[in-house]
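Report on one structure; see the data block that follows.
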Amino acid sequence: ALINGLSILPTHQKKTVYLCQLLIRIAKGKKLDCHFENDKGISPLESALSFWTLLEREEIELEKLHKDIRQLIQIQIVAVYMENGYFKEAAEVLERLFTGSESDKPLRMKLATVIKSRDPYVPLLQSFSYNFLISKIKSYIELFMKENETNFLLQAATKEVESQRLGAIELQNKTVNADENDKENLETKQRFVLSIILLKDMLGQ
């Protein structure tokens with residue numbers, strides 16, 4: 001439902017959807033037999049890169065971290081193919097990853113050299129490992145959580161509690177004029193409201 005209505009979601013909710021999509025792909029990044037796209041030739045990490053691009057478009061203040069994570073994903077896309085002995089596929093994906101931008105040229109040339117070496121344990125791939133990618137993603141998540149720490153469900157629940165609290169006060173003011181049946185109904189409602197208030201107090205709200 002979220003994805004179908006993605007175009008009308010507020011920015012912070014879009015980012016949450018993109019991040020969830022990114023994380024599941026990163027988690028499956030080493031499994032080339034796992035597919036998220038209709039094109040079975042697209043690896044989980046290559047699919048993850050497309051969602052990272054969407055996150056980048058929604059943010060402008062994390063340029064350095066964005067670049068670091070983008071390059072780590074690109075390196076690991078190639079590395080995973082090489083670790084599995086798929087050197088032809090590694091060369092093919094290199095063509096898809098880089099579009100000729102001058103800023104990308106140094107990394108592209110390094111990765112092309114690595115693929116020609118047919119050695120998945122060269123220093124470049126060891127230094128910019130999958131574990132290093134995971135640690136950078138965790139750094140990003142920490143920043144994301146700080147930015148989006150408001151609990152919307154708790155906010156809504158708090159508003160409801162406050163509304164019920166006001167309702168309880170109004171009901172108490174009507175007690176004097178209520179007949180016995182109304183009084184019984186009133187007491188039932190009051191007990192319900194008071195239970196909500198007690199729950200709110202227990203939660204420290």
Side-chain angles (χ1 to χ4, degrees), residues 1-84 89-90 92-99 101 103-104 107-108 111 124-160 203-205:
L2 280 173
I3 293 171
N4 288 337
L6 198 56
S7 61
I8 61 172
L9 286 179
T11 297
H12 68 278
Q13 290 182 4
K14 277 187 187 178
K15 287 167 61 178
T16 300
V17 174
Y18 295 153
L19 182 56
C20 289
Q21 298 279 25
L22 171 80
L23 292 179
I24 188 61
R25 287 158 172 76
I26 294 291
K28 300 291 186 180
K30 292 277 191 177
K31 300 183 181 297
L32 292 176
D33 59 345
C34 182
H35 305 291
F36 292 93
E37 308 294 337
N38 292 330
D39 183 348
K40 303 304 181 185
I42 302 296
S43 68
L45 286 178
E46 194 175 352
S47 180
L49 187 61
S50 65
F51 283 95
W52 183 247
T53 299
L54 292 173
L55 279 167
E56 287 180 309
R57 290 174 183 170
E58 298 293 339
E59 301 171 325
I60 57 174
E61 71 279 3
L62 299 174
E63 184 177 351
K64 176 65 168 61
L65 184 57
H66 284 163
K67 183 179 179 181
D68 289 347
I69 291 177
R70 167 172 285 277
Q71 290 187 341
L72 279 165
I73 296 174
Q74 290 170 327
I75 291 169
Q76 278 304 303
I77 289 170
V78 171
V80 170
Y81 276 117
M82 292 186 65
E83 287 168 8
N84 286 274
E89 288 78 0
E92 290 173 350
V93 79
L94 189 64
E95 295 299 316
R96 294 199 297 270
L97 290 177
F98 299 98
T99 58
S101 169
S103 61
D104 291 335
L107 179 58
R108 178 176 181 167
L111 287 174
L124 175 68
L125 301 186
Q126 295 299 297
S127 298
F128 299 95
S129 65
Y130 182 75
N131 286 338
F132 188 35
L133 167 61
I134 295 296
S135 70
K136 281 287 186 179
I137 292 288
K138 286 181 178 178
S139 297
Y140 174 79
I141 291 173
E142 288 174 3
L143 293 173
F144 184 90
M145 294 299 287
K146 286 179 182 178
E147 179 186 341
N148 299 277
E149 62 186 357
T150 303
N151 187 319
F152 296 102
L153 289 176
L154 190 56
Q155 265 193 344
T158 301
K159 288 181 180 179
E160 179 64 17
L203 292 172
Q205 297 298 320

Residues which pass salt bridge (Lys or Arg N to Asp or Glu O under 4.0 Å) with Lys64, listed by chain and number, not counting sequence neighbours
Asp68

Who pairs with Phe128 by ring-ring contact (aromatic ring centres under 6.0 Å, His included), at least two apart in sequence or on another chain?
none

Begin from the C-alpha positions of Leu55 and Glu58 and carry the test side chain to side chain contact (heavy atoms under 4.5 Å, CB included) through to its verdict.
CA-CA 5 Å; Leu55 279 167; Glu58 298 293 339; 5.7 Å; no

Between CD1 of Ile137 and CG of Leu22, what distance do you get to the nearest 0.5 Å?
5.0 Å

What is the ring orientation for Tyr140 with Trp52, classed by angle as parallel under 30°, tilted 30 to 60°, or perpendicular over 60°?
perpendicular

In Å and rounded to the nearest 0.5 Å, what is the CG to CD1 distance from Leu97 to Ile73?
10.5 Å

Just how far is it from atom CG of Leu49 to atom CD1 of Ile69, taken to the nearest 0.5 Å?
11.5 Å

Identify, with sequence neighbours excluded, every residue that meets side-chain contact (heavy atoms from CB on, under 4.5 Å) alongside Ser139.
none

Partner set under salt bridge (Lys or Arg N to Asp or Glu O under 4.0 Å) for Arg57, not counting sequence neighbours:
none

To the nearest 0.5 Å, what is the distance between CG on Leu19 and CD1 on Ile24?
12.0 Å

Separation of Asn131 CG from Gln76 CD (nearest 0.5 Å)
8.5 Å

Using the side chain to side chain contact (heavy atoms under 4.5 Å, CB included) definition, which of the options Leu72, Leu125, Ile26 pairs with Tyr130?
Ile26

Here the gap from Leu65 atom CG to Glu56 atom CD, rounded to the nearest 0.5 Å, amounts to 9.5 Å

Under the salt bridge (charged side-chain N to carboxylate O under 4.0 Å, His left out) definition, can you give me all pairs with a residue in residues 20-42, not counting sequence neighbours?
Lys30-Glu83

Residues at least two apart in sequence or cross-chain that pass salt bridge (Lys or Arg N to Asp or Glu O under 4.0 Å) with Glu95, listed by chain then number, are Arg108

Angle class for the Phe51/Tyr18 ring planes (parallel below 30°, perpendicular above 60°, tilted otherwise)?
tilted

